[in-house]
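See below for the structure under consideration.
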Amino acid sequence: MTPGARVQAAIEVLDRVLRGAPAERELTAWSRASRYAGSKDRAAVRDYVFDVLRNLRSAAWAGGQGDVPLASMDARAVVAGLLRLHGVDPASLFTGEGHAPDPIHLSDDPGPMPDGVRADLPDWLLGPMRDGLGSKSADVFEALRTRAPVFLRTNLARITRAELVERLRAGGFDAAAEPFATGAIRIEGQARGLSNLDAFADGLFEFQDAGSQSLVDRLPLTPGARILDLCAGGGGKTFAMAARGAGPLFAHDADPARLRDLPLRGARAGASVTLLSRPEDSAPFEGVVADVPCSGSGSWRRAPEARWRLTPQRLAELNRLQDEILDRAIALTQLGGWIAYMTCSVLDAENTQRIRAAVDRDGRLEPLSQWSCLPVEGGPDGFYLALLRRLG
């Protein structure tokens, strides 16, 4: 594909995404329908799509779409605006030749960017995020406009991090120990092909952000303690706990389909996890991990369309669900046991406010500690952890 043809393909995908279609689904559909596209072509189209979504408001502004509602945006103008932001003259790619998009005319001066546009956030979120982040707001906003690094989690039950780094380097990957978490490895440069390695098939590593790994590092895990992962999803944190020798481990999710791959991943990692459809029947547990559904604002680099789908109403719904899950986690925990409340959010409404509300609701709770990390350029995603003890 020519550079212009790649731009045209990205425009076609984005046109559907801006109208509500999931980006991953549309990219997969385009890839399957475009057998002529090589791996570099697919990577380039994907990069265009996600770069636009990370910088949507500023790209739209530069493309003359600043006041246009999301579903009515012209994908051609938005992509041209992104090129302009990156210092590329859109006319060099919008030529109408070789499957490139037709020529486009943009205003020479789109005007000064409002704060919400500069931050690439919906206007209603700008205030709450600034209030919570304070002096770090600008750095976080800038980080969320960039691509996230690739991190791996070493399965420390099977191999040391140093040994895995050497194996990865021998396989041609630029791997290095990441100090943010005990088993974390950073991959610089080319990361494609990692899942094809024997080391992956043998369960020596998983893909997991270093911030997410650091949450598990901070859990008070003790041998023989019965631990429940209440919102286990694909089991990332479950298997991170297993790699630290925790267990017996139990996993539950409100959507059983999310647990579908957990047995296969457990077999690959050499970890034993019991799936529970109703954890109340096996309660109480000495520790309960509640990695609750949230806005995902700490990981919007990886799922950038989520920031444009979030509304005040949806955030309020998430807060109610977070409260319900935390209350359930407390009820499932034995006296003197601990609860770990986790999010991948940087919003106070999903973090400290939920803990304060829980303590106000339930006199049986003792806050033990709180920890958070913020997304920074080149660093881990944003996460929050609160440890609580059940007193009665």
Side-chain angles (χ1 to χ4, degrees), residues 20-24 53-54 56 70 116 119-133 137 140-141 144 148 209 211-212 215 228-237 251-259 279 288-332 339-362 365 367 370-375 380-388:
E24 287 288 0
L53 292 173
R54 293 185 191 101
L56 183 56
L70 179 68
D120 274 302
L121 289 170
D123 286 333
W124 73 270
L125 261 178
L126 185 61
M129 290 193 74
R130 278 179 168 170
D131 291 344
L133 296 170
S137 297
V140 171
F141 296 161
L144 291 175
D209 185 84
S212 178
L215 293 177
L228 170 66
D229 192 346
L230 184 58
C231 309
K237 292 182 178 66
H252 168 79
D253 199 279
D255 181 359
R258 296 185 188 134
L259 301 172
V288 177
V289 175
D291 184 9
V292 298
C294 68
S295 65
S297 52
S299 57
W300 276 345
R301 293 179 297 186
R302 301 181 192 277
E305 63 196 291
R307 83 179 79 181
W308 311 115
R309 312 293 187 216
L310 186 66
T311 65
Q313 295 75 22
R314 176 55 180 159
L315 181 58
E317 292 172 2
L318 286 168
N319 291 160
R320 287 191 290 272
L321 179 59
Q322 290 153 1
D323 289 345
E324 291 173 4
I325 292 173
L326 185 49
D327 287 346
R328 187 183 187 191
I330 295 165
L332 289 166
I339 302 101
Y341 175 88
M342 300 177 178
T343 74
C344 55
S345 174
V346 297
L347 294 171
D348 275 353
E350 300 185 284
N351 297 337
T352 56
Q353 290 182 28
R354 303 277 56 78
I355 299 304
R356 286 198 297 268
V359 172
D360 288 344
R361 282 195 312 274
D362 195 326
L365 284 182
Q370 296 185 67
W371 175 85
S372 63
C373 64
L374 298 176
D381 291 343
F383 291 92
Y384 172 83
L385 166 67
L387 285 174
L388 308 161

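If you read the sequence from its start, that first residue is 1, and numbering goes on from there. Predicted, not measured: the structure shown is a model, and the values here were computed from it.
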Next item on the list: Kindly write out the residues that satisfy side chain to side chain donor-acceptor pair (under 3.5 Å) with Glu24, not counting sequence neighbours, or none if the list is empty.
Entry: Arg46
Next item on the list: Please assess Ser372 against Asn351 for the test side-chain contact (heavy atoms from CB on, under 4.5 Å), listing each intermediate value before the final yes or no.
Entry: CA-CA 9 Å; Ser372 63; Asn351 297 337; over 6 Å; no
Please examine the side chains of [Y] and [X], heavy atoms only from C-beta on, and report whether any two atoms are closer than 4.5 Å.
{"X": "Arg309", "Y": "Leu70", "answer": "yes"}
{"X": "Leu321", "Y": "Val292", "answer": "no"}
{"X": "Ser137", "Y": "Met129", "answer": "no"}
{"X": "Ser299", "Y": "Asp209", "answer": "no"}
{"X": "Cys344", "Y": "Asp381", "answer": "no"}

For [X], which residues count as a side chain to side chain contact (heavy atoms under 4.5 Å, CB included) partner, sequence neighbours excluded?
{"X": "Asp360", "answer": "none"}
{"X": "Arg314", "answer": "Leu310, Thr311, Glu317, Leu318"}
{"X": "Asp131", "answer": "none"}
{"X": "Ala357", "answer": "Arg354, Arg361"}

Please report the closest heavy-atom contact between [X] and [Y], naming both atoms and the distance.
{"X": "Leu388", "Y": "Pro367", "answer": "CD2-CA, 3.6 Å"}
{"X": "Asp123", "Y": "Gly116", "answer": "OD1-CA, 3.8 Å"}
{"X": "Ser345", "Y": "Ser297", "answer": "OG-OG, 3.1 Å"}
{"X": "Ala386", "Y": "Tyr384", "answer": "CB-OH, 3.6 Å"}
{"X": "Pro279", "Y": "Leu228", "answer": "CB-CD2, 3.8 Å"}
{"X": "Trp300", "Y": "Ala306", "answer": "NE1-CB, 3.6 Å"}

Note to self: Could you walk me through whether Leu315 and Glu350 satisfy the side-chain contact (heavy atoms from CB on, under 4.5 Å) test, starting with their C-alpha distance in whole Å, then the side-chain angles of each, then the deciding distance to 0.1 Å, before giving a yes or no?
What the structure shows: CA-CA 8 Å; Leu315 181 58; Glu350 300 185 284; 3.8 Å; yes
Can you measure from [atom1] ([X]) to [atom2] ([Y]) and round to the nearest 0.5 angstrom?
{"X": "Gln322", "Y": "Tyr341", "atom1": "CD", "atom2": "OH", "result": "4.0 Å"}
{"X": "Leu385", "Y": "Leu215", "atom1": "CG", "atom2": "CG", "result": "5.5 Å"}
{"X": "Leu326", "Y": "Ile355", "atom1": "CG", "atom2": "CD1", "result": "5.5 Å"}
{"X": "Thr352", "Y": "Leu347", "atom1": "OG1", "atom2": "CG", "result": "10.0 Å"}
{"X": "Phe141", "Y": "Leu121", "atom1": "CZ", "atom2": "CG", "result": "5.0 Å"}
{"X": "Glu305", "Y": "Leu56", "atom1": "CD", "atom2": "CG", "result": "11.0 Å"}

Item checked: salt bridge (charged side-chain N to carboxylate O under 4.0 Å, His left out) against Asp229, all qualifying residues, sequence neighbours excluded -> none
Item checked: Arg54/Asp120 salt bridge by N-O under 4.0 Å criterion -> no
